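In listed order, ligands and their atoms are each counted from 1. Worth saying up front: this structure is predicted, and the values here are computed from it rather than measured.
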Amino acid sequence: MASGERPFSQACENNKGPILAVLQQHCQAAGTLLEIGAGTGQHAAWLSAQLPHLIWQPTDVAANLPGIRLWLQDACSRALEPLVLDVAGDWPEERFDYLYTANTFHIMSADQVVRCIDAGCGHLSEGGRFLIYGPFNVDGRFTSESNASFDQWLREIDPQRGIRDQAWIEAQFARHGLGLVADHALPANNKVLVFG
Ligand SMILES: C[S@@+](CC[C@H](N)C(=O)[O-])C[C@H]1O[C@@H](n2cnc3c(N)ncnc32)[C@H](O)[C@@H]1O
(Lines give C-alpha, C1' and ligand atoms only; values in the text may rest on other atoms or scores of the structure.)
Protein backbone atom coordinates (compact mmCIF):
# COMPACT_ATOMS: atom_id res chain seq x y z
CA MET A 1 0.00 0.00 0.00
CA ALA A 2 1.42 3.35 -1.01
CA SER A 3 1.76 5.88 1.80
CA GLY A 4 -1.48 7.87 2.17
CA GLU A 5 -3.55 5.27 0.33
CA ARG A 6 -6.49 3.96 2.36
CA PRO A 7 -6.42 0.24 3.15
CA PHE A 8 -9.49 -1.45 1.68
CA SER A 9 -11.43 -4.62 2.48
CA GLN A 10 -14.19 -5.69 0.11
CA ALA A 11 -15.53 -7.95 2.88
CA CYS A 12 -16.12 -4.86 5.05
CA GLU A 13 -18.15 -3.24 2.29
CA ASN A 14 -20.20 -6.44 1.94
CA ASN A 15 -20.83 -7.08 5.64
CA LYS A 16 -21.27 -3.55 7.02
CA GLY A 17 -25.00 -3.35 6.15
CA PRO A 18 -25.96 -6.66 7.80
CA ILE A 19 -23.78 -5.82 10.82
CA LEU A 20 -25.47 -2.41 11.13
CA ALA A 21 -28.89 -4.08 11.32
CA VAL A 22 -27.71 -6.13 14.31
CA LEU A 23 -26.10 -3.16 16.04
CA GLN A 24 -29.29 -1.12 15.58
CA GLN A 25 -31.17 -3.85 17.42
CA HIS A 26 -28.77 -4.33 20.33
CA CYS A 27 -27.22 -0.87 20.75
CA GLN A 28 -30.37 1.25 20.95
CA ALA A 29 -29.47 3.25 24.05
CA ALA A 30 -26.98 6.08 23.72
CA GLY A 31 -23.58 5.09 25.02
CA THR A 32 -19.94 4.37 24.40
CA LEU A 33 -18.68 1.60 22.12
CA LEU A 34 -15.16 0.16 22.08
CA GLU A 35 -14.21 -1.49 18.78
CA ILE A 36 -11.40 -4.04 19.10
CA GLY A 37 -9.28 -4.85 16.03
CA ALA A 38 -10.73 -2.11 13.79
CA GLY A 39 -8.52 -3.22 10.87
CA THR A 40 -8.86 -0.88 7.91
CA GLY A 41 -11.17 1.51 9.79
CA GLN A 42 -13.99 1.09 7.27
CA HIS A 43 -16.44 -0.19 9.90
CA ALA A 44 -15.54 2.61 12.34
CA ALA A 45 -16.00 5.33 9.70
CA TRP A 46 -19.30 4.04 8.30
CA LEU A 47 -20.98 2.43 11.30
CA SER A 48 -20.25 5.44 13.54
CA ALA A 49 -22.01 7.64 10.99
CA GLN A 50 -25.08 5.39 10.95
CA LEU A 51 -25.22 5.20 14.76
CA PRO A 52 -24.78 8.83 15.87
CA HIS A 53 -26.09 8.08 19.39
CA LEU A 54 -22.95 6.03 20.03
CA ILE A 55 -19.53 7.39 20.94
CA TRP A 56 -17.43 5.06 18.79
CA GLN A 57 -13.86 4.37 19.96
CA PRO A 58 -11.87 2.38 17.39
CA THR A 59 -8.74 0.54 18.49
CA ASP A 60 -6.18 -1.83 17.01
CA VAL A 61 -2.52 -2.73 17.21
CA ALA A 62 -0.28 0.29 16.49
CA ALA A 63 0.60 -0.71 12.91
CA ASN A 64 -3.03 -0.31 11.78
CA LEU A 65 -3.69 3.14 13.23
CA PRO A 66 -2.39 5.20 10.25
CA GLY A 67 -4.80 3.41 7.88
CA ILE A 68 -7.73 3.77 10.29
CA ARG A 69 -7.02 7.52 10.58
CA LEU A 70 -7.29 7.86 6.80
CA TRP A 71 -10.81 6.35 6.84
CA LEU A 72 -11.83 8.54 9.77
CA GLN A 73 -11.12 11.59 7.63
CA ASP A 74 -14.40 10.80 5.81
CA ALA A 75 -16.77 13.69 6.36
CA CYS A 76 -19.48 11.33 7.61
CA SER A 77 -17.34 9.58 10.25
CA ARG A 78 -18.15 10.31 13.89
CA ALA A 79 -15.55 7.95 15.36
CA LEU A 80 -13.00 9.15 17.89
CA GLU A 81 -9.27 9.24 17.23
CA PRO A 82 -8.17 5.57 17.21
CA LEU A 83 -6.30 4.19 20.19
CA VAL A 84 -3.66 1.48 20.37
CA LEU A 85 -5.08 -1.64 21.97
CA ASP A 86 -3.39 -5.02 21.81
CA VAL A 87 -5.75 -7.25 23.76
CA ALA A 88 -2.76 -8.90 25.44
CA GLY A 89 -1.48 -5.54 26.69
CA ASP A 90 -2.85 -2.60 28.64
CA TRP A 91 -6.52 -1.67 28.27
CA PRO A 92 -8.07 1.80 28.68
CA GLU A 93 -9.18 2.70 32.19
CA GLU A 94 -12.85 3.32 31.48
CA ARG A 95 -15.79 0.98 31.01
CA PHE A 96 -17.90 0.92 27.84
CA ASP A 97 -21.58 0.27 27.22
CA TYR A 98 -20.81 -1.83 24.16
CA LEU A 99 -17.83 -3.83 22.95
CA TYR A 100 -17.70 -4.76 19.27
CA THR A 101 -15.17 -6.81 17.34
CA ALA A 102 -15.31 -8.20 13.81
CA ASN A 103 -13.25 -10.97 12.27
CA THR A 104 -10.68 -11.03 15.04
CA PHE A 105 -11.27 -14.21 17.05
CA HIS A 106 -9.93 -16.47 14.27
CA ILE A 107 -6.88 -14.20 13.83
CA MET A 108 -5.94 -13.96 17.51
CA SER A 109 -4.46 -17.00 19.24
CA ALA A 110 -6.83 -18.86 21.57
CA ASP A 111 -4.97 -17.33 24.54
CA GLN A 112 -5.51 -13.84 23.11
CA VAL A 113 -9.22 -14.55 22.58
CA VAL A 114 -9.51 -15.58 26.23
CA ARG A 115 -7.66 -12.43 27.26
CA CYS A 116 -9.94 -10.33 25.04
CA ILE A 117 -13.03 -11.82 26.65
CA ASP A 118 -11.64 -11.60 30.20
CA ALA A 119 -10.47 -8.00 29.88
CA GLY A 120 -13.46 -7.03 27.76
CA CYS A 121 -15.95 -8.29 30.34
CA GLY A 122 -14.05 -6.28 32.96
CA HIS A 123 -14.53 -3.16 30.82
CA LEU A 124 -18.24 -3.61 30.16
CA SER A 125 -20.72 -1.37 31.96
CA GLU A 126 -23.51 -2.95 33.98
CA GLY A 127 -26.05 -4.28 31.49
CA GLY A 128 -23.66 -3.76 28.57
CA ARG A 129 -23.38 -5.89 25.45
CA PHE A 130 -20.36 -7.57 23.81
CA LEU A 131 -20.94 -8.20 20.09
CA ILE A 132 -18.68 -10.48 18.05
CA TYR A 133 -18.89 -10.85 14.28
CA GLY A 134 -17.18 -13.63 12.34
CA PRO A 135 -17.25 -17.30 11.42
CA PHE A 136 -17.81 -19.78 14.27
CA ASN A 137 -17.98 -23.54 14.48
CA VAL A 138 -21.08 -25.13 15.97
CA ASP A 139 -20.79 -28.35 18.00
CA GLY A 140 -17.19 -28.67 16.89
CA ARG A 141 -18.10 -28.65 13.21
CA PHE A 142 -17.59 -26.17 10.41
CA THR A 143 -20.87 -24.67 9.28
CA SER A 144 -19.84 -24.70 5.59
CA GLU A 145 -17.24 -26.05 3.20
CA SER A 146 -15.97 -22.52 2.66
CA ASN A 147 -15.38 -22.07 6.40
CA ALA A 148 -13.46 -25.39 6.49
CA SER A 149 -11.21 -24.21 3.63
CA PHE A 150 -10.79 -20.83 5.29
CA ASP A 151 -9.75 -22.48 8.56
CA GLN A 152 -7.17 -24.62 6.76
CA TRP A 153 -5.77 -21.55 5.02
CA LEU A 154 -5.58 -19.64 8.33
CA ARG A 155 -3.71 -22.46 10.08
CA GLU A 156 -1.23 -22.79 7.22
CA ILE A 157 -0.33 -19.13 7.74
CA ASP A 158 -0.17 -19.48 11.54
CA PRO A 159 -1.09 -22.65 13.47
CA GLN A 160 -2.38 -20.48 16.33
CA ARG A 161 -5.10 -19.04 14.10
CA GLY A 162 -8.37 -20.78 13.38
CA ILE A 163 -12.14 -20.61 13.57
CA ARG A 164 -13.29 -20.92 17.21
CA ASP A 165 -16.07 -23.10 18.49
CA GLN A 166 -19.11 -21.16 19.65
CA ALA A 167 -19.58 -23.33 22.75
CA TRP A 168 -15.99 -22.63 23.80
CA ILE A 169 -16.59 -18.88 23.45
CA GLU A 170 -19.81 -19.17 25.45
CA ALA A 171 -17.88 -21.01 28.19
CA GLN A 172 -15.38 -18.13 28.41
CA PHE A 173 -18.21 -15.61 28.87
CA ALA A 174 -19.95 -17.86 31.39
CA ARG A 175 -16.91 -17.51 33.70
CA HIS A 176 -17.88 -13.81 33.92
CA GLY A 177 -21.56 -14.48 34.45
CA LEU A 178 -22.45 -13.38 30.90
CA GLY A 179 -24.58 -15.43 28.52
CA LEU A 180 -25.50 -15.50 24.86
CA VAL A 181 -28.46 -13.16 24.44
CA ALA A 182 -28.67 -13.39 20.64
CA ASP A 183 -27.20 -15.43 17.81
CA HIS A 184 -27.66 -13.80 14.39
CA ALA A 185 -26.89 -15.68 11.19
CA LEU A 186 -25.37 -13.27 8.66
CA PRO A 187 -24.42 -13.73 4.98
CA ALA A 188 -21.33 -15.69 3.91
CA ASN A 189 -21.63 -18.19 6.79
CA ASN A 190 -20.84 -15.59 9.43
CA LYS A 191 -22.66 -14.70 12.63
CA VAL A 192 -22.96 -11.99 15.22
CA LEU A 193 -22.91 -13.43 18.73
CA VAL A 194 -24.26 -11.03 21.37
CA PHE A 195 -23.29 -11.54 25.02
CA GLY A 196 -24.66 -9.75 28.02
C1 LIG B 1 -9.06 -9.88 9.74
S2 LIG B 1 -8.70 -8.38 10.53
C3 LIG B 1 -10.34 -7.74 10.81
C4 LIG B 1 -10.34 -6.26 10.78
C5 LIG B 1 -11.73 -5.61 10.82
N6 LIG B 1 -12.34 -5.71 12.12
C7 LIG B 1 -12.63 -6.19 9.78
O8 LIG B 1 -13.69 -6.72 10.11
O9 LIG B 1 -12.27 -6.10 8.59
C10 LIG B 1 -8.17 -8.88 12.15
C11 LIG B 1 -7.84 -7.73 13.05
O12 LIG B 1 -7.51 -8.24 14.35
C13 LIG B 1 -6.48 -7.44 14.86
N14 LIG B 1 -5.76 -8.15 15.93
C15 LIG B 1 -5.07 -9.30 15.82
N16 LIG B 1 -4.47 -9.59 16.99
C17 LIG B 1 -4.82 -8.61 17.86
C18 LIG B 1 -4.53 -8.35 19.22
N19 LIG B 1 -3.73 -9.16 19.92
N20 LIG B 1 -5.06 -7.25 19.80
C21 LIG B 1 -5.85 -6.42 19.08
N22 LIG B 1 -6.17 -6.61 17.79
C23 LIG B 1 -5.65 -7.69 17.18
C24 LIG B 1 -5.60 -7.18 13.65
O25 LIG B 1 -4.70 -6.12 13.86
C26 LIG B 1 -6.64 -6.90 12.58
O27 LIG B 1 -7.01 -5.55 12.52
* With a 4.0 Å cut-off, would you call Arg175 and Asp118 a salt bridge? -> yes
* Structure fact -> Nearest non-hydrogen contact to atom 8 (O) of ligand 1 from the set Ala102, Ala11, Ala38 belongs to Ala102
* Please confirm whether Asp86 comes within less than 3.5 Å of ligand 1 when only nitrogen or oxygen atoms on both sides are compared. => yes
* Interatomic spacing from OG1 in Thr101 to CD1 in Ile107 - rounded to 0.5 Å -> 10.5 Å
* **Ligand-residue contact atoms, ligand 1 with Gln112, heavy atoms, under 4.0 Å** => 19 (N)
* What closest approach, in Å, do Leu72 and Gly41 show between heavy atoms, and which atom pair accounts for it? -> CD2-O, 4.3 Å
* To do: Give me the ring orientation class for His26 and His184: parallel if the planes are under 30° apart, tilted from 30 to 60°, perpendicular past 60°.
  => perpendicular
* To do: Begin with the C-alpha distance, continue with both residues' side-chain angles, and end with the deciding distance and a verdict on salt bridge (Lys or Arg N to Asp or Glu O under 4.0 Å) for Arg95 and Glu126.
  => CA-CA 9 Å; Arg95 288 177 180 263; Glu126 186 72 30; over 6 Å; no
* Evaluating non-hydrogen atoms only, which member of Thr104, Asn15, Asn103, Asp60 is closest to atom 27 (O) of ligand 1? -> Asp60
* Can you tell which of Leu154, Asn190, Val87, Val84 gets a heavy atom nearest to atom 20 (N) of ligand 1? -> Val87
* Asked: ligand 1 versus Asn64, non-hydrogen atoms closer than 4.0 Å: side chain, backbone, both, neither?
  -> side chain
* For Tyr133 and Asn103, test the side chains for any donor-to-acceptor distance below 3.5 angstrom and give the result as yes or no. => no
* Please identify which atoms of ligand 1 are closer than 4.0 Å to at least one heavy atom of His43. => 8 (O)
* Nearest to atom 16 (N) of ligand 1, what protein heavy atom do you find, and at what distance? -> Met108 CG, 3.7 Å
* Asked: In the protein, what heavy atom is nearest to atom 15 (C) of ligand 1, and what distance, to one decimal place, separates them?
  -> Ile107 CG2, 4.0 Å
* To do: Examine Ala88 against ligand 1 and note whether any of their N/O atoms are separated by less than 3.5 Å.
  => no
* **Gln42 contact mode with ligand 1 (heavy-atom cut-off under 4.0 Å)** => neither
* To do: Could you tell me whether some N/O pair between Gly37 and ligand 1 is separated by less than 3.5 angstrom?
  => yes
* Structure fact -> Rounded to the nearest 0.5 angstrom, the CG-CZ distance for Leu193 and Phe105 is 9.0 Å
* To do: I would like to know whether Asp151 and Arg155 meet salt bridge (Lys or Arg N to Asp or Glu O under 4.0 Å); could you show each step before the answer?
  => CA-CA 6 Å; Asp151 181 80; Arg155 290 176 194 275; 2.9 Å; yes
* Examine Ile36 and Ile117 and state if one hydrophobic cluster contains both, with Ile, Leu, Val, Met, Phe, Trp and Tyr joined whenever side-chain heavy atoms are less than 4.5 Å apart. => yes
* To do: Would you check whether Cys12 reaches within less than 4.0 Å of ligand 1, judged by its heavy atoms?
  => yes
* Structure fact -> One finds that the ligand 1 atoms under 4.0 Å from a non-hydrogen atom of Leu85 are 20 (N), 21 (C)
